[in-house]
Amino acid sequence: MKEVQKTSNLTQTSKAILNNFMVRKSLKQKSDFIEFIKKELKDTNFSVSIEKYNNKETNRNIIIGNYHNAKYIYTAHYDTCASLGFLPNFITPKILFSFYLFKS
């Protein structure tokens, strides 16, 4: 986080995202981030819409602008590592057999 503060060419919005919304695991954290983005872009020419998948609040994407008429489309995917309590974060296969092969 210290390096973010040293970077002087970040916009105020970028700094606010890095300082306040780096971790977005809970529904509240994700909703707060979406509301922040909507507020930040309210006075611009960009439209902001939220796509929901399977009608769930947990599966949402922020769409900025009109991708049907866009000359260019930029996408981003952001994941926050799972919190395993007292265990360190690590990636393993989901299939039990593969897990044992991976572990060997």
Side-chain angles (χ1 to χ4, degrees):
M1 206 55 142
K2 291 179 183 175
E3 291 191 43
V4 170
Q5 294 167 349
K6 289 180 186 176
T7 305
S8 60
N9 63 347
L10 289 174
T11 65
Q12 290 301 105
T13 301
S14 296
K15 287 178 184 177
I17 291 170
L18 292 172
N19 289 328
N20 303 313
F21 302 103
M22 283 284 279
V23 176
R24 300 188 296 269
K25 293 183 186 181
S26 71
L27 181 60
K28 181 177 177 354
Q29 289 169 327
K30 293 173 185 179
S31 296
D32 289 348
F33 175 69
I34 289 171
E35 290 308 311
F36 172 78
I37 293 298
K38 286 179 178 179
K39 182 181 159 209
E40 285 295 301
L41 295 176
K42 184 178 179 184
D43 296 331
T44 68
N45 291 333
F46 293 106
S47 63
V48 178
S49 60
I50 308 302
E51 283 187 346
K52 293 182 187 176
Y53 294 95
N54 298 327
N55 244 356
K56 294 182 178 180
E57 286 294 318
T58 54
N59 299 333
R60 298 174 286 175
N61 284 325
I62 303 170
I63 308 297
I64 300 170
N66 184 340
Y67 58 87
H68 296 291
N69 298 329
K71 184 174 180 180
Y72 300 101
I73 297 174
Y74 298 93
T75 64
H77 180 77
Y78 177 89
D79 274 335
T80 302
C81 293
S83 180
L84 301 173
F86 63 91
L87 294 173
N89 290 330
F90 61 95
I91 299 171
T92 62
K94 288 183 176 185
I95 301 169
L96 190 57
F97 177 73
S98 299
F99 172 76
Y100 287 114
L101 288 176
F102 179 77
K103 191 176 174 184
S104 303

- Task: Determine whether Arg60 and Leu27 make a side-chain contact, defined as any pair of heavy atoms from C-beta on separated by less than 4.5 Å.
- Result: yes
- Message: Quick one, Ile37 and Ile17 - any side-chain contact, counting heavy atoms below 4.5 Å?
- Response: yes
- Task: Write down the atom of Tyr67, the atom of Ile73, and the distance for their closest heavy-atom approach.
- Result: O-CD1, 4.0 Å
- Item | Minimum heavy-atom distance Ala16-Phe36, with the two atoms named | CB-CZ, 3.6 Å
- Task: Quick one: pull up CD1 in Ile34 and CD1 in Ile50 and give me the separation to the nearest 0.5 Å.
- Result: 4.5 Å
- Query: Can you list the residues that meet the side-chain contact (heavy atoms from CB on, under 4.5 Å) rule with Ser47, with sequence neighbours excluded?
  - Reply: none
- Check whether Val23 and Ile62 end up in the same hydrophobic cluster, where Ile, Leu, Val, Met, Phe, Trp and Tyr are linked by side-chain heavy atoms less than 4.5 Å apart. no
